[in-house]
Amino acid sequence: MTHRRWFTPWLLVAPAAVWLLVFNVWPSLNTLVLAFTNAKPLGGGHFIGLANFSRALDDDQLADALLNSVVFMLVCLPLLTLLPLLLAVLVEKRLPGITFFRTAFYTPVVASAVVVAIIWGWVLDDRGLVNGLAQRLGVIAEPVPFLTDRWLLLFSAISLTIWKGLGYYMIIYLSALGNVRRELHEAAAVDGAGPVRRFWSVTVPGVRNTMLLVSVLVSVSALRVFSELYVLSNGTGGPGGRDMSLVMLIQLYSRGFTGHLGYASALSLLLLVVTIGPMLLLLRLNRKAA
């Protein structure tokens, strides 16, 4: 009986442990090994040392992908950290019909990213809703190249990401706002503080840890963006392939029977380093603020 009791917990966690090892630990270790080889999909390759990383230093596509990912993060980080908090403050109030607005803001979250990106592609196309309506109203003479200009395509994808993420981070903030004591708001109001002053002096400090969590989530998601740019550019990465993200570039080098798995693995390690960087910086800034 004692043996069974000792064995039972391990038996229960075995399926999850096997799943973790097969689909998380082993691929991660394999990627680390492949990064130092010239492996291809149909061949194991052989050890080439740091050649893949040297190649990355001279890769113009990688430079563009890094720039795109960093711009994506720098724009999304402040907007998706602050705007959802403002929305959460607004929809937190118990007003008639407020449930409708909560649902409306959250609806884009449950929609597929690919489906939403396809719809946005139709809307922003040269003959889409935005350009068609603007031309009919005489606002513009020629269609705005939202999907064919490098920077307009990038910021179109950013706007899609922000619109789709607002509801998700709003829900996170709503749960945090419930822990902010009402007495603090009442005391601040008695002292003459207005809504804006109470927001910055009471609400923001009360949800600071949640803001840090949201900031980390936004940073990681922005640096790993794929679906928005891939669908809006029809898989081409924009004009000349200059709108690719790091994930798109990794996918480009790893696909097909002639893919460069070794180089793609090296780029994956680079993505890991780039992703960890903002997280450590945000944690350091939070400790200083504390």
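Predicted, not measured: the structure shown is a model, and the values here were computed from it.
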Counterpart residues, salt bridge (charged side-chain N to carboxylate O under 4.0 Å, His left out), relative to E142 (two or more places apart)
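Listed in chain order: nothing, the list is empty.
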
What residues form a side-chain hydrogen bond (donor to acceptor under 3.5 Å, both in side chains) with [X], not counting sequence neighbours?
X	result
R150	N68
S201	R197
Y169	none

hydrophobic_cluster_shared for [Y] and [X], side chain cutoff 4.5 Å:
X	Y	answer
L213	L86	yes
L174	V110	yes
F146	L137	yes
F100	I171	yes
I48	L34	no

Dump the intermediate steps for side chain to side chain contact (heavy atoms under 4.5 Å, CB included) on Y173 and T203, then the final yes or no.
CA-CA 11 Å; Y173 279 126; T203 302; over 6 Å; no

Does some side-chain heavy atom of [Y] sit less than 4.5 Å from a side-chain heavy atom of [X]?
X	Y	value
M244	D64	no
P205	R208	no
L246	L66	yes

Does any N or O in the side chain of [X] come within less than 3.5 Å of the main-chain N or O of [Y], such that one atom is a donor and the other an acceptor?
X	Y	value
K164	P108	yes
S175	I172	yes
Q135	A141	yes
S159	S156	yes

Has Y106 got more than 12 heavy atoms of other residues, nucleotides or ligands less than 6.0 Å from its OH?
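Counting other residues, nucleotides and ligands, OH of Y106 exceeds 12 neighbours.
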
Indicate every side-chain donor-acceptor pair of residues 111-130 with a distance under 3.5 Å to a residue at least two apart or in another chain.
from, atom 1, to, atom 2, distance (Å)
S112, OG, V114, N, 3.3
D125, OD2, R127, N, 3.1

Hey, what do you get for [atom1] ([X]) to [atom2] ([Y]), rounding to the nearest 0.5 Å?
X	Y	atom1	atom2	value
L79	L82	CG	CG	8.0 Å
L270	T275	CG	OG1	9.0 Å
L85	M211	CG	CE	6.0 Å
N52	D59	CG	CG	11.0 Å
D243	F72	CG	CZ	10.5 Å
Q61	L267	CD	CG	10.0 Å

Report all side-chain donor-acceptor pairs from residues 230-237 shorter than 3.5 Å, counting only partners two or more places apart or in another chain.
from, atom 1, to, atom 2, distance (Å)
S233, OG, L229, O, 2.6
S233, OG, Y230, O, 3.4
S233, OG, G237, N, 3.1
T236, OG1, S233, O, 2.6
T236, OG1, G238, N, 3.3

I need the minimum non-hydrogen distance between [X] and [Y], along with the two atoms involved.
X	Y	result
L153	P239	CD2-CD, 4.5 Å
L261	S254	CD2-O, 3.7 Å
S219	P278	CB-CB, 4.1 Å
L223	S69	CD2-O, 3.6 Å
L77	S215	CD1-O, 3.5 Å
T107	T103	OG1-O, 2.6 Å

Linking directly or through intermediates, with side-chain heavy atoms under 4.5 Å: list the remaining ILVMFWY members grouped with [X], chain and number order.
X	answer
L269	L32, F36, F47, L50, F53
I276	L272, L280
L57	none

Does the side chain of Y263 pick up a donor-acceptor pair with the side chain of N38 at under 3.5 Å?
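No, because no side-chain N or O of Y263 sits under 3.5 Å from a partner of the opposite role on N38.
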
Side-chain donor-acceptor contacts of residues 13-31 below 3.5 Å, not counting sequence neighbours, with atom names and distances?
from, atom 1, to, atom 2, distance (Å)
S28, OG, N24, O, 2.7
T31, OG1, P27, O, 2.8

Would you please test R224 and M73 for side chain to side chain contact (heavy atoms under 4.5 Å, CB included) and show each step?
CA-CA 9 Å; R224 296 173 61 249; M73 183 198 69; over 6 Å; no

Which residues satisfy the side chain to side chain contact (heavy atoms under 4.5 Å, CB included) test with P145, sequence neighbours excluded?
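P145: side chain to side chain contact (heavy atoms under 4.5 Å, CB included) contacts with T148, D149, L152.
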
Residues in side chain to side chain contact (heavy atoms under 4.5 Å, CB included) with L87, at least two apart?
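L87 satisfies side chain to side chain contact (heavy atoms under 4.5 Å, CB included) with F105, L166, M170 only.
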
Would you sort out whether I250 and L271 count as a side chain to side chain contact (heavy atoms under 4.5 Å, CB included), showing the intermediate values?
CA-CA 9 Å; I250 293 170; L271 176 60; 4.0 Å; yes

